[in-house]
Number of protein chains: 2
Amino acid sequence: MAKKTPTLSNPNVSVDCVVFGFDGSDLKVLLVERYRRDNLDFQDDTLVLPGDLINNNEDLNEAASRILYDLTGLTKIFLQQIGAFGSPKRLSKPKDIAWLEAVRMNPEARVITIGYYALINIKNYKVRPSSFAKHVVWRGYDEVGELGFDHNDILEKAIHDLRGQLYREPIGFELLPNQFSLHQLYSLYNEIMGGGIDRRNFRRRILKTGFLKETEEYQEGVPHKPARLYTLIPEEFEHASKNNFKFY
Amino acid sequence: MAKKTPTLSNPNVSVDCVVFGFDGSDLKVLLVERYRRDNLDFQDDTLVLPGDLINNNEDLNEAASRILYDLTGLTKIFLQQIGAFGSPKRLSKPKDIAWLEAVRMNPEARVITIGYYALINIKNYKVRPSSFAKHVVWRGYDEVGELGFDHNDILEKAIHDLRGQLYREPIGFELLPNQFSLHQLYSLYNEIMGGGIDRRNFRRRILKTGFLKETEEYQEGVPHKPARLYTLIPEEFEHASKNNFKFY
DNA sequence: AAACTTAGTGTAAAAATTACACTTTGAAAA
DNA sequence: TTTTCAAAGTGTAATTTTTACACTAAGTTT
């Protein structure tokens, strides 16, 4: 049996990323059409989370960063590990098997995957002229249908952890532009949490935390009273992130 | 190169368990002396968390359960995954390398490990007459020194997650006998949280949750007023576990 | 019988949370 | 230029939750 050229990638461990974006009103997830590395025309029109086998010399977070860089061209993305998914049956749907056989060197290998979620500002994202590019799609969180592999499980865990973390750490700003209105921030929280947050109380609370600074800038081009824009004060933000701070 | 007999275990993925126990006043962790599977006299007197490579046909939780069963003889242990640890350098201390070379089929293999924590009632645990037995030791959480591999990182993440979970889910009863006094429960919470909980307020709050039922039993053999014993009401407990309940 | 140890109970003050409605501002339409 | 529209922005009272804190009760040991 001719030995294939050695690869750096580890056949047993992959990383999959749930990339959340926010367009001002809806929480979105970045999905890719399953494709074939050496034949971009091959596809089985199944949507999956972006992911890849890890390389043997690379840390798990590095692998996730690499995947996100390939996908978006962005570096320094907010990343959070959500755990390992390792059911022996996680790759056993017929279409999944067919895809693995078409693409992987060891299609029968046991693969456990490490899930991550990432938060990115959707405006910073541009389709890259990379191999991924034409297969990428944003989907509203509520419109994500059945994904390949066990990726619906990973997505579910991601939203669960995101919600939990949003409650007690001041994350979520990664999803917004550098300057944002309180309404944008409110919409973000309200959307991720599934609604029900009082607008006025939210405003009071978030200002009381002290990690927002008002700027002298205002919204432009809106057909109503323009809202003041705010920025994050990084030091206060960091401080609040420790000391098991509870925001909401 | 002669091929070794095929093994079921996957060379790239392991599971390590932080086993917490409670003796009534101190939080303890179960550690094992690093040993050699085929030569129990071999040991390098380094303490590590109990763990093992996973088998290819086994789920991650199953692997953790298997390890805990081998170690304690207990089944149905409360288990919580805390995530994957995958630094390429995690097995690179000289002593770690020496041990791997003595024990593993592929000592140079990249191994990522999935961490778990487990809660067990220390009274139910008896040293098993197994290969593990003579290498097992309970250590007070505060007295755990330097462990092999990256196991101090895993321990740290475990206590962090345990504390977080204790705040918002009614776990921790696994560490106590079936019937327990409120003082025992209080001590447990106070110890895990690192102190500072008001005894009277704790009592009021935990009773208000409604998942404790008072029994007609009392402590015996204590040199003071005996405390009433309580049990958990499983249904209420389950109900509270969902609905992102916040206890403390 | 006295001393000791832990069990068990209540309340008042402070802080946090909730619910809720009207005025302001700028752009667009009439 | 006036009117309309849409979102920005602001305050308070009632309720609930949290906190801090000290004494009495009951059983065992001396």
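Naming convention: chains lettered A, B, ... in sequence-line order (proteins, then strands); numbering from 1 in each chain.
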Roughly, in whole Å, what's the span from [atom1] in [X] to [atom2] in [N]?
| X | N | atom1 | atom2 | result |
| --- | --- | --- | --- | --- |
| Arg205(B) | dT17(D) | CZ | P | 11 Å |
| Leu229(A) | dA8(D) | CG | P | 11 Å |
| Phe202(A) | dT18(C) | CZ | P | 14 Å |

(request) Over 60° means perpendicular and under 30° means parallel, so classify the ring planes of Trp138(B) and Tyr125(B), tilted if in between. (result) perpendicular
Pairs under 3.5 angstrom only: tabulate donor-acceptor contacts from the side chains of residues 219-231 of chain A to other protein residues two or more places apart or in another chain.
from      : atom 1 : to        : atom 2 : distance (Å)
Gln219(A) : OE1    : Ala227(A) : N      : 3.0
Arg228(A) : NH1    : Thr215(A) : O      : 2.6
Arg228(A) : NH2    : Tyr218(A) : OH     : 3.1

Exercise answer: donor-acceptor pairs, residues 172-180 of chain B side-chain atoms, under 3.5 Å, sequence neighbours excluded:
from      : atom 1 : to        : atom 2 : distance (Å)
Glu174(B) : OE1    : Gly172(B) : N      : 3.1

Under 3.5 Å, which N/O atoms of the protein pair with N/O atoms of nucleotides 5-11 of chain C?
from    : atom 1 : to        : atom 2 : distance (Å)
dG8(C)  : OP1    : Arg228(B) : N      : 3.0
dG8(C)  : OP2    : Arg203(B) : NH2    : 3.2
dG8(C)  : N7     : Arg199(B) : NH1    : 3.2
dG8(C)  : O6     : Arg199(B) : NH2    : 3.1
dG10(C) : O6     : Arg204(B) : NH2    : 3.2
dT11(C) : O4     : Arg204(B) : NH2    : 3.3

(request) Tell me whether the guanidinium CZ or amine NZ of Arg200(B) lies under 6.0 angstrom from the six-membered ring centre of Tyr186(B) and within 45° of its axis. (result) no
(message) Among Ile77(A), Ile114(A), Leu49(A), Leu68(A), which residue satisfies the side-chain contact (heavy atoms from CB on, under 4.5 Å) criterion with Cys17(A)?
(response) Leu68(A)
